[in-house]
Amino acid sequence: MKSIGVLMTCPMHKYLEQQLETHFNLFKLWHCNSSITEFLKTHQGNTIRAVVGNTEIGADAELIASLPSLEIVASYSVGLDKIDLRKCEEKGIRVANTPDVLTDDVADLAVGLILGVLRGICASDAYVRIGKWKDADFGLATKFSGKSVGIVGLGRIGTAIAKRAEAFGCSISYFSRSQKSFANYKFYSNIIDLATSCQILIVACALTEETRHIINREVIDALGPKGILINIGRGAHVDETELVSALLEGRLGGAGLDVYENEPEVPEELLGLGNVVLQPHVGSDTVETSDAMADLVISNLKAHFSKKSLLTPVI
């Protein structure tokens with residue numbers, strides 16, 4: 001398989017890059033100093049048979065059109081919003097992602113964000129570091145145990161978050177496209193009703209045109225001044241302008257965010273808020289999970305080029 005051309009769209013996990021170089025003829029798109037078109041001409045784009053992308057740069061219609069020999073897109077992610085799935089279907093291009101292996105890490109971070117916001121972990125850490133504890137106690141925080149938790153999207157990650165929240169004695173409810181037969185949690189067919197009913201709202205659904213800005217002013221106001229918003233999905237799930245104004249005006253109690261609309265840009269207004277915990281899109285970024293995701297990408301590519309079934313097919 002060493003002669004098979006594989007295009008990696010941007011820097012990802014070093015182990016993944018090393019494995020791709022070991023097993024395939026790897027091209028790195030970020031080494032391009034000119035246009036993508038010129039890069040592909042220079043590097044014989046017609047010999048590239050696979051693309052490895054992620055949630056930063058996947059495979060849009062332009063890239064797909066420029067690769068006449070493309071057979072498979074293997075995403076180093078669960079999310080598929082950076083891949084033109086319709087174009088892939090039209091051209092008979094296979095698509096694979098990396099579900100399951102990152103579920104626990106993302107769910108763990110969601111709980112960490114909840115605790116970070118409610119218990120003021122980051123703010124109290126800073127309080128100690130700058131010496132304020134010598135002058136006065138930090139003050140009272142808010143407990144997590146027993147809170148009502150609403151989850152937007154009860155897929156793999158949403159379900160894993162729900163199980164963790166149950167261990168804290170929380171009541172669980174959810175909003176989804178349809179009611180899940182496997183879940184005993186309360187189902188809401190209207191996201192406003194879900195937001196009204198819970199104290200912590202967690203966004204864990206896939207990003208689609210239907211879910212873009214699903215967290216809007218109406219949802220935020222329904223969650224209210226004591227409510228907490230946690231987003232470990234995609235930045236575009238939340239109308240960021242409305243989120244910022246709600247936090248500044250006290251219409252929302254706090255937020256824990258791992259994702260943003262224009263990454264790596266973060267609204268400057270959020271940086272000074274003690275009731276907001278910010279992470280740099282690291283939901284699945286542990287050594288163990290990153291290695292497992294990389295292995296799954298390689299396994300899907302090997303399976304495809306050996307004419308075997310994909311391990312985690314999307315198309």
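Computed from a prediction, not measured in an experiment: that's the story for all the values here. These numbers come from the heavy atoms of this one structure, side chains and all, not from hydrogens, waters or symmetry mates.
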side-chain hydrogen bond (donor to acceptor under 3.5 Å, both in side chains) pairs, two or more places apart, involving residues 245-257
Asp221-Arg251, Ser245-Arg251, Glu249-Arg251
Just checking, Lys307 and Phe305: is the charged tip under 6.0 Å from the six-membered ring centre and within 45° of the axis?
no
Are Asn300 and Thr312 linked by a side-chain donor-acceptor pair shorter than 3.5 Å?
yes
Close side-chain approach of Met293 to Leu16, heavy-atom, < 4.5 Å
no
Between Lys91 and Glu71, does any NZ, NE, NH1 or NH2 come within less than 4.0 Å of an OD or OE carboxylate oxygen?
no
CD of Glu62: more than 12 outside heavy atoms within 6.0 angstrom?
no
Roughly how far, to the nearest 0.5 Å, is the CZ atom of Arg177 from the OG1 atom of Thr211?
9.0 Å
Would one find more than 12 heavy atoms of other residues, nucleotides or ligands at under 6.0 Å from atom NZ of Lys2?
yes
Please confirm whether Tyr174 and Phe187 have ring centers closer than 6.0 angstrom.
yes
Go through the steps for His213 and Glu261 under the test side chain to side chain donor-acceptor pair (under 3.5 Å), then give the verdict.
CA-CA 10 Å; His213 282 194; Glu261 282 208 74; 3.0 Å; yes
When you compare the side chain of Leu102 with that of Val78, does any pair of heavy atoms fall below 4.5 Å?
yes
Quick check on the 6.0 Å ring-centre criterion: do Tyr188 and Phe175 meet it?
no
Neighbour count above 12 (heavy atom, 6.0 Å) for Ile130 CD1
yes
Heavy-atom distance under 4.5 Å between the side chains of Leu67 and Val51, does that happen here?
yes
Is there a side-chain contact between Val297 and Val52 (heavy atoms, below 4.5 Å)?
yes
Will you find, in the side chains of Asp105 and Thr289, an N or O donor that is under 3.5 Å from an N or O acceptor?
yes
Side-chain heavy atoms of Ile315 within contact of Cys88, under 4.5 Å:
yes
Asp137 atom CG: more than 12 heavy-atom contacts under 6.0 Å
no
Rounded to the nearest 0.5 Å, the NE2 atom of His281 sits from the CD1 atom of Ile232 at a distance of 9.5 Å
Could you verify whether a donor N or O on one side chain and an acceptor N or O on the other, from Asp291 and His13, lie under 3.5 Å apart?
yes
Give a yes-or-no answer on whether the side chains of Glu56 and Tyr76 include a donor-acceptor pair shorter than 3.5 Å.
no
Could you tell me whether Asn184 atom CG has more than 12 heavy atoms of other residues or ligands within 6.0 Å of it?
no
pair Ile93-Ile64: side-chain heavy atoms closer than 4.5 Å
yes
Less than 4.0 Å between a side-chain N and a carboxylate O, is that true for Lys82 and Asp60?
no
Answer whether the closest heavy-atom distance between the side chains of Ile4 and Asn25 falls below 4.5 Å.
no
Can you tell me if Glu218 has over 12 outside heavy atoms packed within less than 6.0 Å of its CD?
no
